[in-house]
Amino acid sequence: MENTAQLAKKKERNDQVKIYMAKLARYTWSLIRLVLVFGICFIILQPLFTKFAVSLMSEPDLYDATVQFVPRGLNVQNYLVAFQEMDYFGTFLRTFGLSALVSILQLISCTLVGYGFARFKFPFKNTMFVLVILCLLVPPQVLMLPLFLQFRFFDVFGIYELLTGNAGINLMDTFWPFILTSLLTQGYKNGLYIFLMRQFFKGLPVELEEAAYIDGCSAIKTFYKIMIPSAVPMLVTVFLFSFVWQWTDSFYTGLYLNNYTVMSNALSSLASSVMSDQLTFVSPALVSMMNNTGTILVVLPLFIIYLLAQRYFVESIERSGIVG
Amino acid sequence: MQQLTKQKGQPFRKRRKGLTLRQQKARLGYFFISPFLLGFLLLFLTPIIQSFIYSLSDLTVTSSGYELNYVGFSNFNRVIRVDPNFTPALLQTVIQLISMVPVILIFSFFAATLINAKFKGRGFARSIFFLPVILTSGIILAMENSDLILSSAQVMAEEDMQNTSMQMMQFLQFRRLLFAINLPPFIVNFLVAAVDQIYDVVIASGVQILIFLAGLQSIPVTLYEASTIDGATAWENFWKITFPMTSPLIIVNAVYSVINTFTNPDNEMMSSIHYTIFSQSNFGVGSAMAWVYLAAVAIILAIMSVVLIKLVSRYQH
């Protein structure tokens, strides 16, 4: 009797040790995870903080070795100068208009195409989907020059030249190149959006549409009454991507817009234009302050949009099931 | 329709008004993807053929358009065999890419598993992890690379590190430790380079983390429950469930990383193509450069996908 009682006690103690060990392992693991997550977050956020700090510094601060990260006194002079030089409100409105236009058009066309690939059977479907990926693969630099010439001397099958004798319409410095490429899903990384939309629609249950069809809904009506509302999280994600990438894009805006100031070219010429106004020599401190202030100003609206859309963003990932 | 069926020699087939359901569906399918088809023909296929023609010719812009003179492969010859800067720049870009992509893949997979687990503040951590997608694109990344003060500060910090013997020792010890456990120098250099590039890696892997995370989310929890009840450890679960279930995404992500690094507008090749075309107005040579570059990308992608598909298919069976 005594023996079994002892054994039971021993076993109990053993179990307790095991429980403690498991607890210890769990705590250790969550501690390691905390450190790793914190470290990665720090790596991501640190440049942003540095930029913000530099944007609040004055010129002596930058040359002062004792000033690290925390500026000596708040100085909003940089922001005032950058606001004025970039023509911030005007540039903001222009960029917002362009980005909103481009991202809405891309959203519409990529959603249509993604839905077509996800739900319909037609000959050569797989071949065409390979072509979508191919479009994503070819670097835009290969297409840059022909596209430039195409929009510089824009013409449909030579009709314009036949009528007027001129070599096509000049579409540079207008929104038309952006509108056309977005409508026809050939904008920046549109292959990725088509891919994402297709995967999302594939993950939705077919019964949704079948029910609508049985109730006498046409395919197009089903698409915008049933499928679009259920795809809101992914739509927000794609919209966010295309808005942000258009906002910061310097490649296509550099290609198509020469005399039309949007955020990206305002930012890249900010430092030099400030300098030509104020000084005759190159001041690295001024360049740095202006670049950082400008970057903060460009990023700030995106940051706000990201915070608003972030809920949908994470939700779309959880529901998309990109596998397959 | 009646005539049509007769012509096809199927008079016994039931007469229909209009198309069959399948035909209707196919038509609708074409309707939905028509924007892409049009765009592919007009804004992709046409320019890509034109670009190839330009690379074979001498292009001059005149007041009333542009003129082409066919010059054969002399542009390619000039790019590959005459231009002293092109081949080294291409090689450097390729080598940088080959060293970056595996690190990006490993890191993004790791980060995705990290933020897939349940813990307090997960939503917050996730939104920070995806920030690079948003905040380091296009002009902002270019600004960062050209920032004088920050880079000079970085150089100073590095000098600081070299001067401080303590840190120097630690750095050396890390490397010596790696050598001491008999790792070949190739791997040691790779690891040290990976650690050096950690910032570039982190900000380049936003979309990849997203894709991996979506893959991890789609694994049913019941699989883990069943295997844990059967006595599998977390380590075994990872290699027997998580890894095989997400391995198709490794290919997707590898391809995406290669494309993303290659088409990054501020890598050396991209800027030199841009410079040749727009600043030197050397259109033919620029197009030839772009084509050589594209060929290099295609070869690397082909090799990589073959290797990866083999690796992944081994895990799937």
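Computation of the quantities below employed the complete heavy-atom set of this structure, encompassing side-chain atoms and omitting hydrogens, waters and symmetry-equivalent molecules. Each chain gets a letter, A, B and so on, in the order its sequence line appears, and its residues count up from 1.
- For the options B/L45, B/I48, B/V255, B/I128, heavy-atom pairs under 4.5 Å to chain A are most numerous at B/I128.
- Contact of A/Y306 with chain B is made through the side chain alone, with heavy-atom distances under 4.5 Å.
- The candidate from A/A219, A/P123, A/G294, A/G116 with the greatest count of non-hydrogen atom pairs under 4.5 Å with chain B is A/P123.
- When each of A/V298, A/V138, A/L302 is checked for heavy-atom pairs under 4.5 Å with chain B, A/V138 comes out on top.
- When heavy atoms are compared at a cutoff of 4.5 Å, A/F148 approaches chain B solely by way of its side chain, counted from C-beta outward.
- Comparing A/I133, A/L267, A/T295, A/D249 by heavy-atom pairs within less than 4.5 Å of chain B, the highest count is held by A/L267.
- Using a 4.5 Å heavy-atom threshold, the side chains of A/Y193 and A/T185 count as separate.
- For B/Y30, the ring pair (Phe, Tyr, Trp, His ring centres under 6.0 Å) partners two or more places apart in sequence, or in a different chain, are A/F122.
- Heavy-atom pairs under 4.5 Å with chain B were tallied for A/R119, A/K189, A/M263; the largest tally goes to A/K189.
- Per-residue heavy-atom pair counts under 4.5 Å with chain B were compared for A/T111, A/L131, A/L240, A/T181, and the maximum is reached by A/L131.
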Would you list the atom pairs, donor with acceptor, under 3.5 Å between side chains in residues 30-45 of chain A and any protein atom, with sequence neighbours excluded?
unit_1: A/S30; atom_1: OG; unit_2: A/R26; atom_2: O; d: 3.1
unit_1: A/S30; atom_1: OG; unit_2: A/Y27; atom_2: O; d: 3.0

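- Looking at B/F52, there are no atoms closer than 4.5 Å to chain A (heavy atoms on both sides), in backbone or side chain.
- Interface check for chain A: of the options B/K120, B/R27, B/K25, B/R22, the most heavy-atom pairs under 4.5 Å are formed by B/K25.
- With a 4.5 Å cut-off on non-hydrogen atoms, A/L192 touches chain B through its side chain but not through its backbone.
- For chain A, the option among B/P35, B/G121, B/A290 with the highest count of heavy-atom pairs below 4.5 Å is B/P35.
- Taking all atoms of both residues into account, the shortest heavy-atom contact from A/N190 to A/S182 is ND2-O, 4.3 Å.
- Remark: A/Y213 OH is packed, more than 12 non-hydrogen atoms of other residues, nucleotides or ligands lying under 6.0 Å away.
- Of all heavy-atom pairs between B/S205 and B/S108, the closest is CB-CB, 3.9 Å.
- The aromatic ring centroids of A/F120 and A/Y115 lie less than 6.0 Å from each other.
- The side-chain heavy atoms of A/F251 and A/Y188, taken from C-beta on, include no pair separated by under 4.5 Å.
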